[in-house]
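The next block holds one structure in the form of structure tokens; read it before the comments.
We number each residue from 1, following the sequence as shown.
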Amino acid sequence: MRVPLETLMWLKFVSRQWHSLITAPHFRNLLPPLRVSGLFFQRTKVLFVHRDDPNTPSPFKSLAFVHDPCDPERICIVQSCNGLLLCSTDDHALVAINKRNHYVYNPFTNQVDTLPKHPCHNKYGLPSINLIFDPSKSPHYKVIAFLAKPQSDVGDFFICSSETGSWRASIQAYLPSPDMWFRYGVYWNGCLHWLGQYSRPVSDSLYFNVDEESALHYTEVRPSVHSAFSVYEMKSDYSEWFVKYQIDLVPISIAFPEMKDCSFFPFESCYNAAVASIIRRENFKEDSFLVLVLPGKIIHYNLIDKSFKVIWDFVVDLELQGNLRHWLCGNFKAWPYKPLRANVG
């Protein structure tokens, strides 16, 4: 238990007995969760931002997808979960839907699994697909897809497991609320969670219990605040939301006045800023932070001491340079990266 995790993973190869001890489920459950060492961003190409050393090379290798029917450089990251990435052929590529692939990728080991084609893939594609993986419970990952029926809001849930290598139906003929958004689900508390669209102050949300394969609605309220915002956390029994952190954007705007340019917003108190990711660690609270995208910059905001620093400046990247006045921060997506030093599946 006192051996650093990175060393521990290599010690599995000392002998069969050591491998058996280290990979035992009981021992894995005792290990602390992996620390997020960096984040992947994607606008066109994949950008990697290391938390500590900006000169760290990206672990994302485009050549791992050389067999993709499109340009490997244009592979899209769909989601991340505990060290694994769910990727796909570029949505905007001139490639037929039935030839587009989905992959589960481990950047550290460069392992790529191509997901099997879904029976409905040829007709409708897989627009709503999510990855779940918990190495403390199992070395196998699962992919959850929601497919709406043609000309209908009713759809089906499907599950593909690395253990079986095939798709199977789960909940049949499910009718979600009209504003439900099934992309970018969050895996927490043994469930996959989706939020409704952002256009309404009150919206229905949904979670899918992966083990029981059951679904449940809950309600989310979004207050409208522009110069500050709160991070809400839901109790594990889903009984209520409560404020976990409060973030004041004014001190950040003083340090970075470019975020006060509200060319795209009708409110004087708005700021051109967007939350790209939030990283929480219950056992090491001082390691919890928020990632904010400002015009031309990515900011690391410490949720405990409220300090902040620039972890990436896009001025150094000629491909992403442009008029900051027209920089829409919400166009960026971010996925946390945890080095997973083992093959899965």
Side-chain angles (χ1 to χ4, degrees), residues 25 28-36 39 79-84 128 130-138 141-142 144 146 157 159 170-171 174-226 228-249 274-292 301-306 333-336 338:
R28 289 205 310 265
N29 291 338
L30 296 176
L31 295 173
L34 291 175
R35 178 179 183 264
V36 172
L39 296 121
Q79 198 178 29
S80 69
C81 190
N82 289 320
L84 297 183
S128 302
N130 298 267
L131 172 69
I132 59 172
F133 175 61
D134 187 346
S136 68
K137 294 182 178 180
S138 170
Y141 59 80
K142 292 181 180 179
I144 312 295
F146 180 80
F157 283 101
I159 298 177
S170 178
I171 295 179
Y174 183 79
L175 178 62
S177 60
D179 69 341
M180 192 60 61
W181 199 11
F182 282 102
R183 298 194 74 174
Y184 315 119
V186 175
Y187 181 58
W188 169 75
N189 201 26
C191 300
L192 190 60
H193 302 73
W194 296 277
L195 300 179
Q197 295 284 8
Y198 297 129
S199 58
R200 298 168 57 189
V202 179
S203 63
D204 286 335
S205 299
L206 175 76
Y207 75 79
F208 178 80
N209 189 304
V210 178
D211 296 325
E212 300 177 5
E213 298 186 17
S214 59
L216 177 67
H217 278 96
Y218 58 98
T219 301
E220 178 195 19
V221 179
R222 295 191 179 93
S224 179
V225 179
H226 306 295
F229 63 91
S230 299
V231 175
Y232 288 82
E233 182 173 307
M234 178 174 278
K235 289 187 175 180
S236 58
D237 61 357
Y238 296 92
S239 60
E240 67 173 314
W241 294 91
F242 62 93
V243 176
K244 186 71 176 181
Y245 303 106
Q246 290 185 313
I247 292 88
D248 184 3
L249 293 177
V275 177
S277 186
I278 180 170
I279 308 299
R280 292 277 311 283
R281 294 191 78 194
E282 289 298 335
N283 295 336
F284 304 92
K285 290 184 172 57
E286 69 280 358
D287 209 23
S288 298
F289 65 97
L290 193 73
V291 180
L292 288 172
Y301 180 91
N302 189 299
L303 289 167
I304 305 303
D305 62 18
K306 303 184 185 302
K333 300 179 180 68
W335 298 271
K338 300 178 181 180

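- When every heavy atom of L290 is checked against every heavy atom of F229, the shortest pair comes out as CD2-CZ, 3.6 Å.
- Aromatic ring centroids of Y238 and Y207 lie under 6.0 Å apart.
- Shortest non-hydrogen contact noted between S277 and P336 is OG-CD, 4.3 Å.
- For the pair V275 and V291, the minimum side-chain heavy-atom distance is 4.5 Å or more.
- A donor-acceptor pair is defined here as one N or O able to donate and one able to accept, closer than 3.5 Å; such a pair exists between the side chain of Q79 and the backbone of L131.
- Side chains of W194 and N130 form a contact here, defined as non-hydrogen atoms less than 4.5 Å apart.
- Residues I159 and K142 share a closest heavy-atom pair of CG2-CD, 4.3 Å.
- If you look at F157 and F208, their ring centroids are closer than 6.0 Å.
- With rounding to the nearest 0.5 Å, the separation of OH in Y245 from CG in N302 is 9.0 Å.
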Open item on the list: Apply side-chain contact (heavy atoms from CB on, under 4.5 Å) to residues I132 and Y141 and explain how you reach the verdict.
Closed with: CA-CA 6 Å; I132 59 172; Y141 59 80; over 6 Å; no
Open item on the list: As a quick check of understanding, evaluate side-chain contact (heavy atoms from CB on, under 4.5 Å) for V243 and Y232, giving each step before the final call.
Closed with: CA-CA 5 Å; V243 176; Y232 288 82; 3.5 Å; yes
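- Two residues are said to be in side-chain contact when any heavy atoms from C-beta on lie closer than 4.5 Å; V231 and I278 meet this criterion.
- When side chains are defined from C-beta on, Y301 counts as touching L303, because their heavy atoms get closer than 4.5 Å.
- Within the 4.5 Å cutoff, side-chain heavy atoms of F242 are placed close to those of K235.
- To the nearest 0.5 Å, the span separating CD on E233 from CH2 on W188 amounts to 7.0 Å.
- Residues satisfying the side-chain hydrogen bond (donor to acceptor under 3.5 Å, both in side chains) criterion with N189, sequence neighbours excluded, are absent altogether.
- Q246 and K306 get closest at one heavy-atom pair: O-NZ, 3.2 Å.
- For Y187 against C81, the heavy-atom pair with the smallest separation is CD2-SG, 4.1 Å.
- Once rounded to the nearest 0.5 Å, the distance linking NZ of K338 with OG of S80 reads 8.5 Å.
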